[in-house]
Amino acid sequence: MKLRSLGCVLLAAGLLGSGQVAEAATEAACTWKPTALGAGTSVSAQVTATDDHGNFAGWTLPTDEFGETRRAASWTGGTYTDLGTAGTAGAAVTAENRSGAVAGTASYSLFGSGFFFQKAFKSSGGTLVQLPFPTSSQLPAGYTLSSALGITDSGDVVGVVRKQNGSGTTPVRWPAAQPGTVTLLTGLPSGIAAVDTDGSIALNNGDIWRDGTLTHLGTLPGLENASPDAIKNGRVVGYGVYNGKKVGVYWDQQHAAHVLPKSSYNLSNGNPGFTINANGLITGRIDEANGGNDAAGTGYGVWDQGAFVSKFGDLKADLPVVIGDDGTAGGFRYDSATQHSTAYVWRCS
């Protein structure tokens, strides 16, 4: 069964009250088949972004040598390409659009100096190009750090700039139609959680910002501390606490909130959170009653527009980071003995 969308499951199951979404009729909708992605001689690699057509991007770590930094990477048709470091000591892709353009952040620190370097970049003409800082007329002096958080289908990059000490975080957009420029995004009431393909921005406080207009995501009785993780095609997925239980939360295109059945999360270990594709297909953590491990932050599941569909692959090993509009997931497996990770894709059949 292809998992681009499972709307038929929803029609059959219907919606429950109090924002809870009905479970699909079966947990065996398909088998998620893993495929390891090669990364040359690198010791570690992870997928962090997708073009929604089965191609992926992320980062690799060439060696275990002290001071070694990451390199941006892509996998097209399963073939690995070293994208380099954007002219710096290290880089990693954070987002990719449907045209295959990537954006990310180059970063490194000088050992013992207290100096930290961070610079946003995007791909242009097959190379990685650093993105400019706001001018002195836009912001006061002292802004030296930037990071890219998303890239739209039109090629605009959205991210933040900040001062060397981490203060003064300011959201910005680097417009594709005006290379070499940067625009301040004023009026955002909180930090950026995720960026949609049309430029809409999901904020940490539960708002959606689009060109100066704020839209509030819905809530439910008993739902607290809800915050987005990802946004795609106007649909949002994230997490919160529902009647005392840590859960995943799905907001539909009308911004109504729904608790994801059988879900959980763990923010402390850095494992992937919830992600969503344009059709409403979601991957994220499942709770311990259904095979998850909250302490380890492992055990993932699949939901379609909020309805639980199946457990995801190997519950102890598979860590999906993104899921494309074609239904292909990308992420990694981590080896605690070697402290290395291997990039993986999973296809549902």
For [X], what residues pass the side-chain hydrogen bond (donor to acceptor under 3.5 Å, both in side chains) criterion, not counting sequence neighbours?
| X | result |
| --- | --- |
| E68 | T63 |
| H53 | none |
| N233 | none |
| S200 | D198 |

Legend entry - Any pair counted as salt bridge (charged side-chain N to carboxylate O under 4.0 Å, His left out), so long as it reaches residues 173-195, sequence neighbours left out: R173-D211
Legend entry - Within residues 232-256 or reaching into it, pairs that qualify as salt bridge (charged side-chain N to carboxylate O under 4.0 Å, His left out) - sequence neighbours excluded: D52-K232, K232-D325, K245-D287
Just list the side-chain donor-acceptor pairs under 3.5 Å for residues 85-92, sequence neighbours left out, or say none.
{"residue": "T85", "atom": "OG1", "partner": "T88", "partner atom": "O", "Å": "2.7"}
{"residue": "T88", "atom": "OG1", "partner": "T85", "partner atom": "O", "Å": "2.7"}
{"residue": "T88", "atom": "OG1", "partner": "G90", "partner atom": "N", "Å": "3.3"}
{"residue": "T88", "atom": "OG1", "partner": "G90", "partner atom": "O", "Å": "3.2"}

Legend entry - Inter- and intrachain pairs under ring-ring contact (aromatic ring centres under 6.0 Å, His included), touching residues 127-179, at least two apart: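 For residues 127-179, and leaving out neighbouring residues, there are no ring-ring contact (aromatic ring centres under 6.0 Å, His included) pairs at all.
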Legend entry - ring-ring contact (aromatic ring centres under 6.0 Å, His included) pairs, two or more places apart, involving residues 317-349: F312-W346, Y344-W346
Below 3.5 Å, can you tabulate the donor-acceptor pairs from side chains in residues 222-230 to any protein atom, sequence neighbours excluded?
{"residue": "S227", "atom": "OG", "partner": "N204", "partner atom": "O", "Å": "3.1"}
{"residue": "D229", "atom": "OD2", "partner": "F274", "partner atom": "N", "Å": "3.0"}

Inset, instruction - Search all heavy atoms of S263 against all heavy atoms of W303 and return the closest pair with its distance. - result: CB-CZ2, 3.7 Å
Legend entry - Result of checking N290, D294, N293 against S264 for side chain to side chain donor-acceptor pair (under 3.5 Å): D294
Legend entry - Listed partners of D314 passing salt bridge (Lys or Arg N to Asp or Glu O under 4.0 Å), at least two apart: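 With neighbours one apart ignored, the set is empty.
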Legend entry - Pair listing, side-chain hydrogen bond (donor to acceptor under 3.5 Å, both in side chains) test, anchored in residues 265-275, at least two apart: N266-S268
